[in-house]
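Ligands are counted one by one from 1 in listed order, and the atoms in each one are counted from 1 as well.
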Amino acid sequence: MRLAVLMAAIFLIPAAYTQTLRDLAAARNIHIGTAVTPSHLNEPGFAKTLAREFNQVEPENSLKFGPIHPALDKYDFAPGDALVTFAQEHQMVVRGHTLVWHNQLPNWLKTGEHTPAELKQILQDHIAKVVGHYAGKVYAWDVVNEAFETNGALRKYLWSSAPGIGLEGTGFIEQALRWAHAADPKAKLFYNDYSAEGMNAKSEAIYRMARDFKERGVPLDGIGMQMHFGIKASGDATAGKIEANFKRLTELGLEVQITELDVKLPVPPTEDMLKAQAARYSEIVGVCVRNPHCTAIQTWGFTDRYSWIPHQNPGFGAALPFDADYQPKPAYGAIREALQGK
Ligand code: XIL
């Protein structure tokens, strides 16, 4: 008996682990992705783990307005291009993030005191240039990020109303989608947001916008769900409510993608917390696996060595499936099993 257990340990378990996350996801036609800072690709442990486990990458910051468009007539495509090259070398697809957002805007834009007509021209040029540059290389874009408030109202900010590009309501979102579609008709275009994964006022507002866009033929292909979570689900983001939201959106003919998943823990985490984290990863991946129109699961980084959480939430961290030495955590095993439908 003991011998049999030993044999199983030697032969079966390593065999099972030869199937990586990307193998298991590909078998289900799902992309498994992660956000990456391109300069980390020079680190062998980072690059090796990334290429082994994932078949999708997204630049964590490099394609945002400030980094990629640092002056009116200057674009910096080099970091994004480096990630595209890495992805092509390792048979991975690339998601683009993001064209219209309120954060990480360059100073020249924030202090420019542009008129709505000028802002409209700036945004149209930006989208044409960036989406055009990556046409055929980036398969999906978060065209607009975080445009709604928690109560479902539209955020008031540069592109929408301060002074905005001169369009009412969700008009600026529709316009950005149309410009992105013109620049790359084959790219899948997403609206992306946080705290709108389950059922609440914000997800309701996004649903209504999506339904209106689908009815009028606005080029919207899907909704991105950020999913920056803790181990305890808030009442409106239980697995059941996320499943219900995915269902109503995909019934409109849209895809959904999980775009920025991480599950933060107080640091240092206890064994029990790591187990609870694994359970949360498992239920989220399970929701995606059960909906045929959920087409990607992406974590916001993959190693605790590099994660935005400790900067964003001091005292928290350990949010990702690999530890700081690229060793798999319980969350990794949970994602694997959920991808296998367990
Ligand atoms: C974060 C990055 O991870 C940080 O490095 C950066 O300092 C700030 O932005 N929602 C988003 C992402 O859509 O773009 C944010 O990324 C995290 C929250």
Side-chain angles (χ1 to χ4, degrees), residues 33-41 43 46 50 54 56-70 76 79-80 82-83 94-107 109-110 126-127 130-131 134 138 140-150 154-155 157-160 173 176-177 180 188-198 202-203 206 222-230 234 237 256-265 267 284 296-314 316-322 324:
T34 190
V36 171
T37 296
S39 59
H40 296 153
L41 296 173
E43 216 187 289
F46 185 96
L50 176 64
F54 297 92
Q56 171 177 294
V57 279
E58 175 167 307
E60 183 168 346
N61 291 296
S62 317
L63 305 189
K64 291 171 179 173
F65 207 116
I68 207 167
H69 195 166
D76 182 7
L83 191 56
V94 183
R95 265 190 118 257
H97 174 83
T98 178
L99 301 162
V100 180
W101 195 28
H102 60 284
N103 277 334
Q104 292 179 265
L105 292 167
N107 265 334
L109 191 54
K110 285 194 283 188
H126 176 83
I127 291 176
V130 175
V131 176
Y134 289 108
V138 162
W141 276 100
D142 287 333
V143 176
V144 180
N145 194 33
E146 304 180 350
F148 285 92
E149 306 275 7
T150 310
L154 279 166
R155 185 189 293 275
Y157 67 113
L158 183 87
W159 303 120
S160 64
I173 302 175
L177 289 163
K188 292 187 180 192
L189 305 182
F190 283 76
Y191 174 82
N192 191 55
D193 215 327
Y194 65 94
S195 297
E197 294 87 1
K202 190 170 179 176
S203 68
I206 293 168
I223 304 296
M225 309 282 177
Q226 292 190 10
M227 304 217 181
H228 294 292
F229 287 147
S234 69
V256 291
Q257 297 194 332
I258 296 171
T259 54
E260 305 186 15
L261 177 60
D262 51 20
V263 179
K264 65 176 183 288
L265 299 177
V267 281
I284 299 304
I297 300 163
Q298 179 167 265
T299 54
W300 203 239
F302 60 93
T303 164
D304 293 337
R305 193 181 194 91
Y306 304 117
S307 161
W308 77 308
I309 293 295
H311 309 282
Q312 176 74 7
N313 296 274
F316 286 82
L320 295 166
F322 290 89

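For the atom pair NZ (Lys264) and CG (Leu320), the distance works out to 12.5 Å, reported to the nearest 0.5 Å. Atom-to-atom distance recorded for Asp304:CG and Asp262:CG is 10.0 Å, nearest 0.5 angstrom.
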May I have the step-by-step check of side chain to side chain donor-acceptor pair (under 3.5 Å) for Glu260 and Asn192, ending in yes or no? CA-CA 10 Å; Glu260 305 186 15; Asn192 191 55; 3.2 Å; yes
Yes or no on side-chain contact (heavy atoms from CB on, under 4.5 Å) for Val131 and Val143, after CA distance, side-chain angles and deciding distance? CA-CA 10 Å; Val131 176; Val143 176; over 6 Å; no
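For ligand 1, none of its N or O atoms has an N or O atom of Trp308 under 3.5 Å away.
When only non-hydrogen protein atoms are considered, atom 3 (O) of ligand 1 lies nearest to Glu60 OE2, 2.4 Å. Nearest non-hydrogen protein atom to atom 10 (N) of ligand 1 is Glu260 OE1, 3.0 Å. Among all non-hydrogen protein atoms, the one lying nearest atom 1 (C) of ligand 1 is Lys64 NZ, 3.6 Å. Atom 5 (O) of ligand 1 has as its closest protein heavy atom Asn61 ND2, 3.0 Å.
A heavy-atom distance below 4.5 Å is not found between the side chains of Ile258 and Glu197. At a threshold of 4.5 Å between non-hydrogen side-chain atoms, the residues Glu43 and Arg305 count as touching. The shortest side-chain heavy-atom distance between Phe302 and Phe46 falls under the 4.5 Å cut-off. Contact check for Phe229 versus Ile284: side-chain heavy atoms found under the 4.5 Å cut-off. Proximity of Phe190 to Arg95: side-chain heavy atoms (C-beta onward) are separated by under 4.5 Å at one or more points.
Under a 4.0 Å criterion applied to the non-hydrogen atoms of His228, ligand 1 contributes the atoms 18 (C). The distance from ligand 1 to the heavy atoms of Asn145 drops below 4.0 Å at these ligand atoms: 11 (C), 13 (O). Interface atoms of ligand 1 facing His97, defined by a heavy-atom separation under 4.0 Å, are 11 (C), 12 (C), 13 (O), 14 (O). The Gln104 neighbourhood of ligand 1 comprises atoms 6 (C), 8 (C), 9 (O), with distances under 4.0 Å to a heavy atom of that residue. The atoms of ligand 1 that sit less than 4.0 Å from any heavy atom of Gln226 are 10 (N), 11 (C), 13 (O), 18 (C).
Contact annotation: for Trp101 versus ligand 1, heavy atoms closer than 4.0 Å belong to the side chain alone. With a 4.0 Å cut-off on non-hydrogen atoms, His311 does not touch ligand 1 at all. With a heavy-atom cut-off of 4.0 Å, Gln312 does not touch ligand 1 at all. Contact annotation for Asn103 and ligand 1: no heavy atom of the residue comes within less than 4.0 Å of the ligand.
Ligand 1 lies out of reach of Tyr194, whose nearest heavy atom is not under 4.0 Å from it.
Neither side chain, Gln298 nor Gln257, offers a donor N or O lying under 3.5 Å from an acceptor on the other.
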